[in-house]
Amino acid sequence: MNGSILIVEDEEKLARLLAEYLEQSGYQAFCLADGEAVPPWVRLHAPDLVLLDLMLPHRDGLEVCKEIRAFSTVPIIMITARIEEIDRLLGLELGADDYVCKPFSPREVVARVRTVLRRTNGSLPAAATGLLLDGQRYRATLRGRDLELTAVEFKLLHFLFATPGRLYSRSQLMDRIYPNERVVSDRTIDSHVKKLRKKIAVVAPGEEFIHSVYGVGYKFEPASKTS
Ligand code: CA
């Protein structure tokens, strides 16, 4: 078994075709046609990857992607019917790991799935750290305990958490946290990270989640013991 893949696609024939190809390649495939059903399904079944069509009934792929990212770092490959869409989607920084354009060959999709899984499998899934982020209520809990973050601390943690292992410069983080302000100093990020680490250390002493790379910036990487 290579992993479980959730296919979210309302064109039944296409979904079935993808499922067949994935199963032939040793994956376990599940299909959902309705965007609304996706976040609860992902929460419950924790698939290894989600193939997410952009155009869905009731709730579109953009919203579904955002909703999944609020609590999970599962790799997501977005599927769109228009190649021009991809630039726009990239600009939105939805946290998708890759994009595929329709029409595609199922073989190509399987190859992308394999590549994305290989790329993301290197790091421990962030969910395994016991960190849960509720993007609607700005609430972060670690192993069942509320971290009591400020809105800014939450945003910072949430952003880093969505792309484990990816390094961001201070100014990239500033742009995310204070999109409309130009006056805040770079040191602001350092001080927020410091406070965040302190709050995490109360619950998980000796475990490092936010790593600094000297002279460059910060990244999220789950649970490496510092002592
Ligand atoms: Ca569709």
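All residue numbers refer to positions in the sequence shown, counting from 1. One-based numbering, in listed order, for ligands and for the atoms of each.
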| task | Check whether any N, O or S atom of Glu11 sits under 3.0 Å from the Ca ion (ligand 1). | result | no
Per residue Asp10, nearest N, O or S atom to the Ca ion (ligand 1) is named OD1
Quiz item: Is it the case that Arg176 places NZ or CZ above or below the six-membered ring of Tyr168, under 6.0 angstrom from the centre and within 45 degrees of the axis?
Solution: no
Quiz item: Using 4.0 Å as the upper bound for N to carboxylate O, is an ion pair formed by Glu20 and Arg16?
Solution: no
Closest to the Ca ion (ligand 1), among the N/O/S atoms of Asp53, is atom OD2
Counting distance only, does the side-chain N/O of Glu11 pair as donor-acceptor with the main-chain N or O of Lys13 below 3.5 Å?
no
To the nearest 0.5 Å, atom CG of Leu132 lies from atom CG of Leu142 at 9.0 Å
